[in-house]
There are 2 protein chains.
Amino acid sequence: MTMDIADIEPVDRESTAGIIAHRLREVIMNGSLSPGTQLGEAELARRFNVSRGPLREAMQRLVSEGLLRSERYRGLFVIELEPGDVRDIYAARLAIERAAALEVMSGDRDSAAAMLDETVWAMVAAAEDNDPTALSDADLRFHEVLIAASGSKRLARMARVLLIETRMCLAQLQSTYRRVDERVAEHGRITQAIRDGDTPAVLALLEDHMEDAVQRLAPGTTLRG
Amino acid sequence: MTMDIADIEPVDRESTAGIIAHRLREVIMNGSLSPGTQLGEAELARRFNVSRGPLREAMQRLVSEGLLRSERYRGLFVIELEPGDVRDIYAARLAIERAAALEVMSGDRDSAAAMLDETVWAMVAAAEDNDPTALSDADLRFHEVLIAASGSKRLARMARVLLIETRMCLAQLQSTYRRVDERVAEHGRITQAIRDGDTPAVLALLEDHMEDAVQRLAPGTTLRG
DNA sequence: AGTCGTATGATTGTCAACAATCCGAGGACT
DNA sequence: AGTCCTCGGATTGTTGACAATCATACGACT
């Protein structure tokens, strides 16, 4: 970790609305705010120790991201995921992650695989500790890293919301996980296929990965038309 | 257009922030606000005839969508598209529209093709009138309809920003359009392939469509790794 | 009993004033 | 000439108060 003159980049402290939005996203993601609950401005403002102005600005961000639903003169509510949404989320994720994977395949595969391996190790550790939360965290981080490795600002931006919604699915449906070994291994196989440069295998594995998740979370539906 | 009891759905007038965000998006899209320009809160508030509160809320929406860039204590600016962004935008669009097309192929292809045809006709009319603005509008509408036909809320949400950015690219680089006939015909071919149920052709045509655009707007770069 | 109107409390939407910060011009000093 | 400091104008960030709207409970009427 050396510091170089080239590493200097313009500072711009995040705006208050940005900070609050960030923390709100986390709270929604980890399930502390279950879907459908109303967010009272006054109480939230007190909790964050800011006035209602910046808080409302933060909430408008989440509205545009689709995480909150706004009813005029009535309030803002955490979105509720209907059955059809599960398929929609995973179909969208497949679209994004497929594109990200393709970018990775024509880039620095080895460094990407190395970063992915770290998240797989984290999954292994979480599995050994029998810590389902850490396992899900590492799982999502795998996909986050994959998308980040693509280097695409826009894929990353779009994926952020999708991964939050994925977490909401998992929390809401408290899915009966498949054997953790298998779940971890699947990520390992994707990583290996990336390292090997086997593009068709990567795409096939990704599709299977999403398809499995959909069938587990919303039995009876499928990604394949 | 008959009215049925089943058509009744809960009314929820759009919030003021939503209306302003909508109009701001349009202004940014059609190029009245060129990239890099600062948006003064006071002046905009006067123009929209609202106070700064709702205006700021609207702007926060565009920030989270990536259309505005926020510098604390300095202001909000319309994003500037750097050379690499052109490729990023079209790569992301390909990911989204590819997924949308796949959904359409396993759905009601004929009704989708019918709706797409309407936009192609609009392109033909615009071409005959020699109206480049109308041509671009119809072009974007084609892709908007394609994504809407997929029925995916999330694909639609993600595409909205991408199509705005596409318009910004076109305005900024005022590209030397290819022969309009060819441009219109390409959309016609995609529509026809959808109607025919020829999935491989649809995907190939879509990829070519995006690849052509990238090479036209950012010579020397390509989508294909 | 059931329905309609009304009052009430709470919540959201809006606003205008105040505080914090930044940019640029001008001057003092080396 | 060049650098640094300071000050003024302008813009953004924040706040608390006020207006508009909604949900609920209660009572009058049929």
In whole angstroms, the gap separating C1' of D/dG13 from CD of B/Glu57 amounts to 14 Å

Tell me the interatomic distance from A/Asn49, atom CG, to D/dT15, atom C1', rounded to whole angstroms.
12 Å

Both A/Tyr73 and A/Ala17 contact DNA chain D. Taking the nearest nucleotide for each, which residue is further toward the 5' end?
A/Ala17

Which one, D/dG13, C/dT12, D/dT14, comes nearest to the side chain of A/Ser51?
D/dT14

D/dA20 P sits how many Å from A/Glu41 CD, rounded?
18 Å

Using a cut-off of strictly less than 4.0 Å, decide whether A/Arg56 has a side-chain nitrogen or oxygen near OP1 or OP2 of C/dT12.
no

Between P on D/dT12 and CG on B/Leu76, what's the gap in Å once rounded to a whole number?
8 Å

For C/dG13, take OP1 and OP2 only and decide whether either is under 4.0 Å from a side-chain N or O of B/Ser15.
no

So B/Gly75, base contact, sugar-phosphate only, or nothing? Heavy-atom distance under 4.0 Å.
sugar-phosphate

Do you know which of B/Leu62, B/Ile28, B/Val27, B/Leu68 makes side-chain contact (heavy atoms from CB on, under 4.5 Å) with B/Leu39?
B/Leu68

Closest listed nucleotide, where the reference is the side chain of A/Val50 and the choices are C/dT12, D/dT14, D/dT15
D/dT15

Can you measure from CZ (B/Arg25) to CZ (B/Arg160) and round to the nearest 0.5 angstrom?
4.0 Å

A/Arg72 CZ to D/dC22 C1': how many Å, rounded?
12 Å

Mind checking A/Glu43 for me? I need base, sugar-phosphate or nothing, with any heavy atom below 4.0 Å counting as a touch.
nothing

Mark yes or no for whether B/Asp85, through its side chain, and B/Asp88, through its backbone, hold a donor-acceptor pair below 3.5 Å.
no

Please report, rounded to the nearest Å, how far the P atom of C/dC15 is from the CZ atom of A/Arg52.
14 Å

Go through the N and O atoms of the side chain of A/Arg74 and the base of C/dG13, and report whether any donor-acceptor pair is under 3.5 Å.
no

Closer than 4.0 Å, any side-chain N/O of B/Gln38 to the OP1 or OP2 of D/dT12?
yes

A/Leu39 CG to C/dT12 C1': how many Å, rounded?
13 Å

Base, sugar-phosphate, or nothing: which does A/Leu55 touch, judged by heavy atoms less than 4.0 Å apart?
nothing

Starting at CZ of A/Phe48 and ending at C1' of D/dT14, how long is that distance when rounded to a whole Å?
17 Å

